[in-house]
Amino acid sequence: MSIRRYLVLILISVITLVIFIATIEGYKASMVKAGHLFDMQLSSFADTLINLEPQKNNITVSNKDTLAFQLWRNKQLVSKSSNAPNQAISVFKEGFSEQNFNAKRWRVFSLQKNNTWIIVAQLLKPRFELAEKVILSAVTPIILTIPLLSLIISLIISYGLKPLQQLKTQLTQKGINDLSTINVVQAGTELQPIIDTLNRVLSQLDSAYEREKRFASDAAHELRTPLSVLKINAHNLQYEIGNDNLLLNNLITSVERMAHIVEQILKLNQTNPEQFSQQMQKMSLTPIVQQVIAQLYPEISMRKQTIEFIDGHIEIYGNEFCIVTLVQNLIANASKYTPIGGRILVSTKQYQQEFILQIEDSGPGIVESEINKVFDRFYRIGGDCNNSSVVGCGLGLAIVKHIVILHQAKIRLLRSTRLHGLKVTISFPCSLTHHHKEQNNNDKEVKAIHE
Amino acid sequence: MRILLVEDDLPLAQGLQISLRHQDFAVDHVKNGKDALNTLAFADHDMVILDLGLPDMDGLSVLKAVRKNKSAIPIIILTARDSIEDKVQGLDIGADDYLVKPFNIDELTARLRVIERRLGTANSSIIAIDDVVIDTLAHKVIVNKQVLNLAKKEYMVLKLLMENAGRIQSREQIESHLYEWGEEVSSNAIEVHISNIRKKLPEKFIKTIRGVGYTVES
């Protein structure tokens, strides 16, 4: 429940309740006051009558018959108002009482002087009416102001909660990766500590996040130089003692593998959708695929494989580093898992509302039970890193998955009808509106379907 | 060929010196940018291998300073940074080539050889692959001990492919090598040259990588 609505409702209810109680109490007090007033009037009426001692019977009284009296002497009715009964209205006892006659309720006052009794009566109804009038005229303006009061209260509360509203707006408008501090004008002593703490946490998070990002590039720099030293010195050793030394060859293979893993981990980090912040732009896939094939060609030609590129001249919206990495990993995989002398076919085309990049090979393909696992980090087909005959670290497709998510694309692993091996299809949407928020949803769209 | 190696990491520099000497290159080594600029001012080096992460100044500043002196000395950049922006920046400022650590020494020497041949400083001007021999000094192609008559552009295509043996040359790369800027090139000019050369060479000497370009296997 909103604090503002809660405060407005509670305040208005409490005020209404208090006014109601005050009205009841006021009514009671007015009744008492009115009673006193009328009683005084009644007793002075009795005084007047007892001194006048009227002899005439059935005197008509004005005041709309709200007054009546009886004058008794030696228990004999001497005089009475026309509206008074013939029997004594009350017992002969001095003071006030309440009696019924003429089917109405009366306030009665009895007064004795020597052997004369005067009994005066007044209708009770006017008292109530007066009390009601008094209390109504007192309460009406208050009741009428309740709507106005509610309006003022809700305005004041809205104004008072304005800093909170500002905080809410700023927080909801923040992007997922926006760790800038929050600034609320006139936050007040209640909210300021919260904002201060929040800002402190945000800036700590921001610097931790920056450190995390820098760590990858620092690690890259720090690891790449010693790796170069290892490679070059191993190479020099091989030159000096010949290339048939088993120990040295094991060393060289391990250094190569380590260099490969380090590169892949760095790329995995750089393409992590949660940390990715680089720019997307329109680019042609043609030069990218050509460059990657040219770059990987020494490996491919060493394995006596043939590679072809059927260019559909498509342009996609993406990040160059990511797309180059994607194409590199997919073609390198195709070459690695295809036997010597095999074929690799890369093709691009537009199909309906999608731009499609396909990499097919004449290798063994992926069996159905493996399909969903190949996107996991460090998963290697046919066992872990140690006993697989293919050099790799199992990060290639995890990186591909990252890049696919970043580009809101889809990846499918199918059986190639042309080359009978694996066919990897990446489909990029033709119209890409780039929203970071949608990236998480797209995680589900990484599908692996097997024909 | 005399190379100036600018690298602050001593083990790497030593390893590189040894490797390059094995390949008959003469290598001088300096550890920072200031020494590099001073050395280049008086010594007569044919090319520079420049590390970008130097202790005293950024490698790119060294590159800028060298190019500012109108020096066209070939410079290969070595770096641990692999972002595309870094590469483009380095090449824009005037680097001739770019290698990301950890690189293969074979890759480095292959690129040095290309530059060497371009400069004409190679000890040997002869590249021999299978039965095809090209003498880049005498501008001659010999197949099975027979001198081949090639048109100028055909010779340039073959030379480019043989100098870069094992690597794919795209049609665009070959075009930019053969023709000057703004020169009219028909869309199938390269295909025509290649097919003319092929008629005179052993079968399958020049391989077509469909959709990418051409290559001569090393």
Side-chain angles (χ1 to χ4, degrees), chain A residues 217-240 255-256 258-260 262-263 266-267 270 278-279 286-287 289-298 300-302 304 306-312 319-325 345-348, chain B residues 5 7-23 49 51-54 78-88 98-110 164-173 204 207-218:
Chain A
S217 66
D218 286 354
H221 192 273
E222 293 310 315
L223 285 170
R224 277 176 179 150
T225 303
L227 273 171
S228 308
V229 177
L230 278 175
K231 277 177 88 161
I232 288 164
N233 286 311
H235 185 272
N236 290 343
L237 266 177
Q238 199 175 33
Y239 184 87
E240 273 164 31
V255 170
E256 290 294 337
M258 196 162 110
H260 177 74
V262 166
E263 286 309 310
L266 291 174
K267 280 181 180 159
Q270 279 167 301
Q278 286 175 45
Q279 290 300 309
T286 307
V289 174
Q290 285 180 341
Q291 278 163 26
V292 171
I293 292 177
Q295 182 204 344
L296 296 174
Y297 191 71
I300 296 168
S301 113
M302 214 171 69
K304 307 248 184 298
T306 53
I307 185 161
E308 279 179 68
F309 174 38
I310 300 171
D311 189 4
N319 173 265
E320 196 177 344
F321 171 80
C322 288
I323 298 298
V324 168
T325 305
L345 179 62
V346 184
S347 56
T348 56
Chain B
L5 173 63
E7 167 65 68
D8 65 314
D9 190 278
L10 214 55
L12 180 63
Q14 284 168 347
L16 261 177
Q17 268 181 305
I18 294 167
S19 297
L20 293 175
R21 277 174 194 152
H22 287 159
Q23 303 289 324
I49 298 176
D51 181 36
L52 284 190
L54 294 172
L78 291 186
T79 178
R81 287 180 252 173
D82 68 348
S83 78
I84 283 164
E85 291 78 33
D86 285 334
K87 269 182 213 180
V88 170
Y98 193 103
L99 273 179
V100 178
K101 293 177 187 175
F103 50 87
N104 277 326
I105 192 72
D106 294 336
E107 181 76 21
L108 177 64
T109 46
N164 293 285
R167 290 159 74 184
I168 301 176
Q169 299 297 305
S170 69
R171 213 181 67 187
E172 290 74 21
Q173 277 172 309
K204 289 183 180 169
K207 269 180 85 173
T208 305
I209 311 299
R210 194 178 155 201
V212 188
Y214 303 95
T215 185
V216 167
E217 303 277 328
S218 53

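Remember, predicted model here, so these are calculated numbers, not experimental data. Residue numbering restarts at 1 for every chain, and letters A, B, ... go by the order of the sequence lines.
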Rounded to the nearest 0.5 Å, what separation is found between the [atom1] atom of [X] and the [atom2] atom of [Y]?
X        : Y        : atom1 : atom2 : value
B/Ile209 : A/Ile293 : CD1   : CD1   : 8.5 Å
B/Glu217 : A/Lys304 : CD    : NZ    : 7.5 Å
B/Ile168 : A/Gln291 : CD1   : CD    : 11.5 Å
B/Lys207 : A/Thr306 : NZ    : OG1   : 7.5 Å
B/Asp9   : A/Ser228 : CG    : OG    : 8.5 Å

[X] portion near chain B, given a 4.5 angstrom heavy-atom threshold:
X        : value
A/Asp311 : neither
A/Ile310 : side chain
A/Glu263 : side chain
A/Tyr239 : side chain
A/Glu240 : side chain

What part of [X] lies closer than 4.5 angstrom to a heavy atom of chain A: side chain, backbone, both or neither?
X        : result
B/Ile105 : side chain
B/Glu172 : side chain
B/Thr79  : neither

Side-chain heavy atoms of A/His235 within contact of B/Asp106, under 4.5 Å: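 A side-chain contact exists here, since the closest heavy-atom pair is under 4.5 Å.
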Passing candidate, side chain to side chain contact (heavy atoms under 4.5 Å, CB included) with A/Ile232, options B/Leu20, B/Leu16, B/Leu108: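 The single option meeting the side chain to side chain contact (heavy atoms under 4.5 Å, CB included) with A/Ile232 is B/Leu16.
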All side-chain contact (heavy atoms from CB on, under 4.5 Å) counterparts of A/Ala259, not counting sequence neighbours: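 By the side-chain contact (heavy atoms from CB on, under 4.5 Å) rule, A/Ala259 matches A/Leu227, B/Pro102.
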Listed partners of B/Lys101 passing salt bridge (Lys or Arg N to Asp or Glu O under 4.0 Å), at least two apart: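 Listed in chain order: B/Glu7, B/Asp51.
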Non-hydrogen atoms of A/Asn233 and B/Pro11 that approach each other most closely: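 Nearest heavy atoms, A/Asn233 then B/Pro11: ND2-O, 4.2 Å.
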Evaluation steps, side chain to side chain contact (heavy atoms under 4.5 Å, CB included), between A/Glu256 and B/Asn104: CA-CA 10 Å; A/Glu256 290 294 337; B/Asn104 277 326; 3.7 Å; yes
